[in-house]
Asker: 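Right, I'll just put the structure down here and ask away after.
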Protein chains: 2
Amino acid sequence: MKTRWDMQRRDESLSRENIIEASIALLDYGGEEGLTFRALSERLATGPGAIYWHIANKSDLLTAACDAVVARTMNEIVDTMPEGTIRAIALGLFEMIEVHPWIGSALTSAHGSSPALRILERIGQQIRTLLVPKEQQRTVVGTLMAFILGVSRQNAANRQLAREQNLDRAEFLEEVSIAWSKLDAKEYPFARSVAGQIRNHDDRTDFLTGIDLILTGIEAMRFRSVPQVRHSASRLR
Amino acid sequence: MKTRWDMQRRDESLSRENIIEASIALLDYGGEEGLTFRALSERLATGPGAIYWHIANKSDLLTAACDAVVARTMNEIVDTMPEGTIRAIALGLFEMIEVHPWIGSALTSAHGSSPALRILERIGQQIRTLLVPKEQQRTVVGTLMAFILGVSRQNAANRQLAREQNLDRAEFLEEVSIAWSKLDAKEYPFARSVAGQIRNHDDRTDFLTGIDLILTGIEAMRFRSVPQVRHSASRLR
DNA sequence: ACCTGAACACCGTTCAAGT
DNA sequence: ACCTGAACACCGTTCAAGT
């Protein structure tokens with residue numbers, strides 16, 4: 001059952017890098033549940049226990065795999081104008097999570113961890129050149145990150161859902177559109193009203209519109225010398 | 001080991017509702033890994049198999065638990081002015097996920113599912129009264145939802161992380177602040193520059209600032225008759 | 001120092017058997 | 001119709017034993 005490739009691979013001794021690369025392959029192929037210590041040790045032609053010599057536990061492994069892919073994605077992005085670069089980063093992450101859907105959830109669990117930090121840094125550097133006031137930079141970057149990861153994760157989840165139901169994109173959207181148009185008219189007027197639009201929308205375009213929405217908000221905020229005071233925050237707490 | 005309460009509970013026969021309520025309690029207490037069919041059947045004084053008579057599988061159970069909490073949260077929000085209501089919905093969801101961190105991940109996996117739909121509908125109705133052009137409503141609501149859930153999830157994950165390290169909020173932020181200020185100056189200039197701000201920030205305020213950023217963007221967009229054409233989308237694809 | 005693989009304590013889920 | 005609980009096929013992780 002062992003292919004030439006497997007044997008060759010094992011010629012190199014086991015290393016943290018080997019393990020991470022094999023993990024990424026398993027995750028890409030079988031999703032989060034595709035990564036098990038048994039599958040991993042089989043692919044690496046070793047025992048499950050051996051892996052624990054190089055990595056602490058499964059969570060450590062997931063973060064490391066995540067970090068490797070994020071670092072690669074970030075290195076592929078070339079800087080141009082700040083807004084353009086932000087869009088490129090956004091789209092790069094969107095497509096990364098589309099190809100590696102498991103990254104979405106792996107990335108949540110670590111604000112201080114190194115993959116999330118890479119993204120924060122990259123966006124932050126652009127926001128600085130956009131001349132956003134210093135006190136607002138952190139919030140603005142946080143807003144962009146939350147939005148980018150939120151949409152990308154949702155997009156990946158939808159694709160996953162479609163695949164589970166053995167539908168292509170068009171069929172899946174058709175199903176959702178039909179389901180929404182059949183909702184109760186009193187309780188779900190909005191969902192019904194947009195049901196028709198679902199069919200022909202483009203995920204990337206929607207995503208970039210959202211990014212532009214936020215960039216527009218940033219620009220508008222830049223020209224307000226004093227940050228606006230909102231009473232709702234304290235009133236609603 | 002059985003308390004009076006447990007016994008009393010079992011007097012009512014098993015039902016889907018019973019099971020969902022018990023699941024929520026387990027999830028709140030022990031997080032996602034706190035919900036197991038063994039713990040659940042013990043709490044309900046029955047066997048693991050009995051549960052399968054009322055629910056399809058664990059995923060079904062999670063969605064149902066999620067839906068129950070989301071429905072409750074949404075019912076608590078009273079409508080006022082559209083912007084105010086959107087902030088109230090946002091903050092309501094933020095606090096909901098803070099109290100029930102497991103909802104964050106449960107909510108991702110289901111764009112068409114009923115908990116996500118409730119949220120979409122509620123926000124959508126407000127966006128309609130804001131007179132956003134019909135073709136942009138879907139995208140705008142999607143933007144808000146992605147942002148709200150993205151930030152809330154991140155916030156819940158941070159709290160979880162702090163708890164795992166047995167730190168209170170202040171200690172945790174202090175740790176992050178110190179870690180960021182020690183990063184490499186060439187590679188992480190932005191993270192270093194905001195390290196100091198981490199210490200004294202308020203999560204809710206940041207969150208509402210982000211919401212306002214998006215609402216500002218929406219307002220600006222409303223006054224453009226023709227939706228702006230972005231070349232980056234096709235250029236970057 | 002690094003690897004092996006059996007063993008442990010868990011999972012979700014099924015299903016023959018009961019009432 | 002609804003419940004029981006043993007059994008199945010998995011998990012992540014540990015650890016004595018090897019090289």
Side-chain angles (χ1 to χ4, degrees), chain A residues 1-2 6-66 102 105-106 109-110 160 164, chain B residues 1-2 6-66 102 105-106 109-110 160 164:
Chain A
M1 266 316 206
K2 302 227 174 288
D6 281 330
M7 302 307 289
Q8 201 173 9
R9 191 138 183 76
R10 191 65 188 82
D11 285 349
E12 315 157 22
S13 67
L14 211 56
S15 72
R16 198 177 153 86
E17 266 185 31
N18 283 162
I19 295 169
I20 290 168
E21 284 311 310
S23 300
I24 293 172
L26 284 173
L27 286 161
D28 286 348
Y29 181 75
E32 248 166 311
E33 59 194 43
L35 177 62
T36 70
F37 281 80
R38 276 154 186 90
L40 192 54
S41 58
E42 195 183 349
R43 194 181 233 281
L44 294 167
T46 181
I51 294 161
Y52 281 87
W53 183 262
H54 300 276
I55 60 131
N57 50 44
K58 192 171 183 178
S59 159
D60 175 35
L61 183 55
L62 254 168
T63 305
C66 187
W102 51 274
S105 41
S109 48
Q160 182 63 24
E164 278 169 16
Chain B
M1 265 319 207
K2 302 230 173 284
D6 282 330
M7 301 308 288
Q8 202 173 8
R9 191 138 182 76
R10 193 62 188 84
D11 286 348
E12 315 158 22
S13 67
L14 210 54
S15 71
R16 198 176 153 87
E17 267 186 31
N18 283 162
I19 295 170
I20 290 168
E21 284 312 311
S23 300
I24 293 172
L26 284 174
L27 286 161
D28 287 348
Y29 180 75
E32 249 166 310
E33 57 194 41
L35 178 63
T36 69
F37 280 81
R38 276 153 186 90
L40 192 55
S41 58
E42 196 183 348
R43 194 182 232 282
L44 294 168
T46 179
I51 294 161
Y52 280 87
W53 184 262
H54 300 274
I55 60 133
N57 51 43
K58 192 170 183 181
S59 158
D60 175 35
L61 183 55
L62 255 167
T63 305
C66 188
W102 51 274
S105 41
S109 48
Q160 181 63 24
E164 278 169 17

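In what follows, chains are A, B, ... by sequence order, proteins preceding strands, each numbered from 1. All values reported here derive from a predicted model rather than from experimental measurement.
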Asker: Hey, what do you get for OG1 (Thr36(A)) to CD (Glu42(A)), rounding to the nearest 0.5 Å?
Answerer: 9.0 Å
Asker: Rounded to the Å, how far apart are Leu40(B) CG and dG5(D) P?
Answerer: 15 Å
Asker: Going 5' to 3' through nucleotides 6-19 of chain C, assign each nucleotide B (protein heavy atom under 4.0 Å from a base atom), S (under 4.0 Å only from sugar-phosphate atoms) or - (no protein heavy atom that close).
Answerer: -B---BBBBB----
Asker: As an exercise, state the distance from CD1 of Ile24(A) to CD1 of Ile19(A), rounded to the nearest 0.5 Å.
Answerer: 12.5 Å
Asker: What residue pairs, at least two apart or across chains, pass ring-ring contact (aromatic ring centres under 6.0 Å, His included) with a residue in residues 47-66 of chain B?
Answerer: Phe37(B)-Tyr52(B)
Asker: Between CG of Leu27(A) and CG of Leu35(A), what distance do you get to the nearest 0.5 Å?
Answerer: 4.5 Å
Asker: Going by the rule side-chain contact (heavy atoms from CB on, under 4.5 Å), which residues pair with Asp60(A) if we only count those two or more places apart in sequence or in a different chain?
Answerer: Arg16(A), Ile55(A), Ala56(A), Asn57(A)
Asker: Not counting sequence neighbours, which residues clear salt bridge (charged side-chain N to carboxylate O under 4.0 Å, His left out) with Arg38(B)? List them please.
Answerer: none
Asker: For DNA chain C, just give me the dot-bracket, please: Watson-Crick or G-U, both distances below 3.5 Å, ( ) intra-strand, [ ] crossing earlier pairs, | paired with another strand, . unpaired.
Answerer: ||.|||||...|||||.||
Asker: For nucleotides dA17(D) and dC2(C), find the distance between their P atoms and express it as a whole number of Å.
Answerer: 22 Å
Asker: Run the side-chain contact (heavy atoms from CB on, under 4.5 Å) test against Glu33(B) and tell me which residues pass, sequence neighbours left out.
Answerer: none
Asker: Got a second to check how far Leu44(B)'s CG is from Asn18(B)'s CG, nearest 0.5 Å?
Answerer: 6.5 Å
Asker: OP1 or OP2 of dC2(D) versus the side-chain N and O atoms of Trp53(B): is any pair under 4.0 Å?
Answerer: yes
